[in-house]
There are 2 protein chains.
Amino acid sequence: MAYDALIAHVKQTQALDQVGMLLEWDQEAMMPPAGTGLRAEQRGALEAVLHARRTDPRIGDWLAAVDEGTLDAAGRANVDRIRRDFIRNERMPCDLAEAIARATSLGHRTWAQAREASDFAAFQPALTEIVNLKRQQADAQRLDGETRYDALLDGFEPGMREGPLREVLGGLRAPLSDLRARIAASGRDVPELTGSFAPDKQMALARELATVFGYDWQAGRMDLVTHPFCVGTLSDVRITTRVDEAQPFDCLYSVIHEVGHAVYEQGVPEAHALTPAGGHVSMGVHESQSRLMENQLGRSRAFCGWLHGKMVQSFGIEMGAEDFYAAVNRVAPGFIRTEADEVHYNLHILMRFDLERALLDGELEVADLEGAWSERFETDFGQVVPDAARGVLQDVHWSAGLFGYFPTYALGNIYAAALHEALRAALPDLDALLAKGESGPVVTWLRENVHSHGAIIPAPELMERATGGPVTPAPLIAYLEAKFGELYGL
Amino acid sequence: MAYDALIAHVKQTQALDQVGMLLEWDQEAMMPPAGTGLRAEQRGALEAVLHARRTDPRIGDWLAAVDEGTLDAAGRANVDRIRRDFIRNERMPCDLAEAIARATSLGHRTWAQAREASDFAAFQPALTEIVNLKRQQADAQRLDGETRYDALLDGFEPGMREGPLREVLGGLRAPLSDLRARIAASGRDVPELTGSFAPDKQMALARELATVFGYDWQAGRMDLVTHPFCVGTLSDVRITTRVDEAQPFDCLYSVIHEVGHAVYEQGVPEAHALTPAGGHVSMGVHESQSRLMENQLGRSRAFCGWLHGKMVQSFGIEMGAEDFYAAVNRVAPGFIRTEADEVHYNLHILMRFDLERALLDGELEVADLEGAWSERFETDFGQVVPDAARGVLQDVHWSAGLFGYFPTYALGNIYAAALHEALRAALPDLDALLAKGESGPVVTWLRENVHSHGAIIPAPELMERATGGPVTPAPLIAYLEAKFGELYGL
């Protein structure tokens, strides 16, 4: 009885939360330009409803009355996740929540202007305030034995802790920095795909790619936005993309990436819809699904062969298949995380992970952040950051108060490489499939080993079961060494 | 203080109500086919929140504590509307509200199937249940001196009562029935526009029409749906349309119609946004805005001249301008309300108004409805209803529990004709403007006389002020007699 009442409450809350996400999708993809102010009122009103529901004291009563012995695995997972969220929500003082909402809303605008002007000093006071408030939040919410970072990380990667995460991610830095340096020193010149690629043809091919990677159009749609994302779950999962006439890979590979997220959401267990168990298990696992499709599969030689044929058909490109594969995987040093190749990407993440931990712990103050950024960047990338816009101001996350989010990107890459090894072992003819533009058995394998478990099994255990052992950075490093070693003749 | 607290509560509720309307728009215009079930959960959860907010007992406390003497006209209008709604909401028993929600949700599906099969008997039990429940609702909600119909009508046409409405609408029946018969007897053959009209060109012209009639694209957008509608207010008002390759007037005139609604919503007083005073004053006035633009302006000879030029440009039609004007205004007897011309339209409404009043009062039982429909149709239209699908089953309203809504369509037509007379008096060069595809002064006049007043002035008084006297059916009859008398040589 208590469990049923609890779940009924949570389901309604989750349905309203989805409405909030639809409002965000609408704002990015559909809303007329003048609608911003009204939309803020609507989102604010919904947020107030959600906050009241999430801190409803009846949740505590129901949790206390639940007899966990009578529950199945999904029920226990639900109670566990609801309890953890409720405890943290209860520990968050109302005025602190409001202060954070205000500071990040204001901070986001200040950040956008500061980035425009490439002026870190203009953002510094706002970020100082945000960091202060996030420290307070972490102190209020952290449980016995947890660090500040643990408390925030848990919102994105439930059950993961700072210590184990440092260990896993830490193993990436030296090998990646070394690989990057060897590629830079190789002197190998990889061709770039240049030309003009008609937007409507890019979109047609993007739709085909989505279908190829298992996206169910009956339960989704694709629209144009400034920054691509994926939203929704089960029977309504929407993807978005953007089109640059000169850079077709931007549209095509961002679609494969979002389809990885979308196919995950379309495959979570419907029986547990609108409960925690019926959702994604962690942001890291989410990102593993998008990265696996985008990189290990989508940027493989086999699939690039298929895509090359499509590019010849659609755009009449004259580049050969092997050069095309190299162009897709071209390694180029750069300052911007979101434009980074597979070799550089995680180095961008690692520095953010270290810097944001130092900020939270008080080892680093915001006043010193720009300097710390530049120093670290030069060490890891061998280049001098030219300005704040291409440095410390490039990402939206901190202005939005998202501390603890960055490492889930790198964790996703590590999970993706481990899943990729297991997938190749399970499907020996994977390359033959990819060369034909087929992914049916891949999706089936992912459904069975990842998607269908929703959040019933915790992420680390889920990944262990799927990959046959504890997850380490080794598969990712081996994959990158093999692929780029060959491409750059190392 | 009480007023401020009341308004803050109402504004949040109204913002959430707008979210609900956005969900409906999304469902019709955007949602992937598989999303229906999940959307029902989302709408149900939001509906529960809205119901709790609308019946929150604090509303009663705030209303009791408000000092109306300190309020301006908008404040008094707000208190008046909030009080009336609150009293009716309070009088609605929870189990009755739930029974109606269930019966109409089920009834809608039953109706759709029955209409498909053209089988009234299949819908009869569901409609009997709905009528029973609506009688109970009316009995619960009606105030001293109100009839059952008054109680339901008030939700759509606040302040209007059955008696005065019968008087106004009753004046239409004989003259319209007579005009219809004279046209049928005239033997005049009016040409039809035939051919194939490319959907993309129809949509391009539809966009131009929306701009011509004052639609602000910065605060709106247009999409395709099965049944066109308009949704939203102020800075986000969206219109919808549909395209039939063989029937360009379906798309073009439905867009002008929805633009009439939209320009009203884009022009309500922003200072009172999210309060009753800052919304539309009644459904009748809403419909007057759409009908004025669609019929009195959009189907005028002057505007048809401009549109004819566009049709020649876009589609190369060979019909002359005068024939085109006649084709736009072609009178054709038919069974379907939504396809009716200006002459027949209100006759469709009048019979529904009389039948639904009889149903509510218990003078007519659902078992006898199909017969009553056929009899009335033959009397007023001189034709025999061929089947239930083209008769009593054609409209969605009753299956949705919308009793009291139909007459607002006819009232809108009466208001539109009265406004049209006043508009012509204020703008002697109106035809010259329309002939050039210009509506700026029209929109300015409507802004000043209608839109900018929101719901601060009650509808009858607003219409009296705008038209210079009490509204009667005379302007509508005079307009139709003049226009169609000339077209059909009567």
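Hydrogens, waters and symmetry mates play no part in the numbers below; they use all other heavy atoms, side chains included.
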When rounded to the nearest 0.5 Å, the distance separating CD of A/Gln14 from CD of B/Glu41 is 11.5 Å
Interface check, chain B: of A/Thr13, A/Val49, A/Leu22, A/Asp223, most non-hydrogen pairs under 4.5 Å belong to A/Leu22
Bottom line for B/Leu46: the part with an atom under 4.5 Å from chain A's heavy atoms is both
Start with the C-alpha distance between B/Met31 and A/Arg221, add both sets of side-chain angles, then the distance that settles side chain to side chain contact (heavy atoms under 4.5 Å, CB included), and finish with yes or no. CA-CA 8 Å; B/Met31 194 183 77; A/Arg221 53 178 291 131; over 6 Å; no
Assert top hit (heavy-atom pairs under 4.5 Å, partner chain B, pool A/Gln18, A/Gln218, A/Gln12, A/Arg53) equals A/Gln218
Turns out that what part of B/Ala29 lies under 4.5 Å from chain A's heavy atoms comes down to backbone
Comparing A/Gly44, A/Ala45, A/Gly37 against chain B, the one with the most heavy-atom pairs below 4.5 Å turns out to be A/Ala45
Okay, B/Asp26 and chain A: the region with an atom under 4.5 Å from a heavy atom over there is side chain
Cut-off 4.5 Å, heavy atoms of chain A, and the answer for B/Arg43 is neither
Exercise for the section: Begin from the C-alpha positions of B/Gln42 and A/Leu16 and carry the test side chain to side chain contact (heavy atoms under 4.5 Å, CB included) through to its verdict. Expected result: CA-CA 6 Å; B/Gln42 295 163 352; A/Leu16 293 167; over 6 Å; no
B/Gln27 atom CD, over 12 foreign heavy atoms within 6.0 Å: yes
Bottom line for B/Thr233: the part with an atom under 4.5 Å from chain A's heavy atoms is both
Cut-off 4.5 Å, heavy atoms of chain A, and the answer for B/Ala48 is side chain
Correct closest heavy-atom pair for B/Gly220 and A/Pro32 would be N-CB, 3.2 Å
Counting neighbours of CD on A/Glu116 that are heavy atoms of other residues, nucleotides or ligands and sit closer than 6.0 Å, is the number greater than 12? no
Looking only at B/Ala15, B/Ser235, B/Gly35, the option with the highest number of non-hydrogen pairs under 4.5 Å against chain A is B/Ser235
Sequence neighbours excluded, the answer for salt bridge (charged side-chain N to carboxylate O under 4.0 Å, His left out) partners of A/Arg83 is A/Glu68
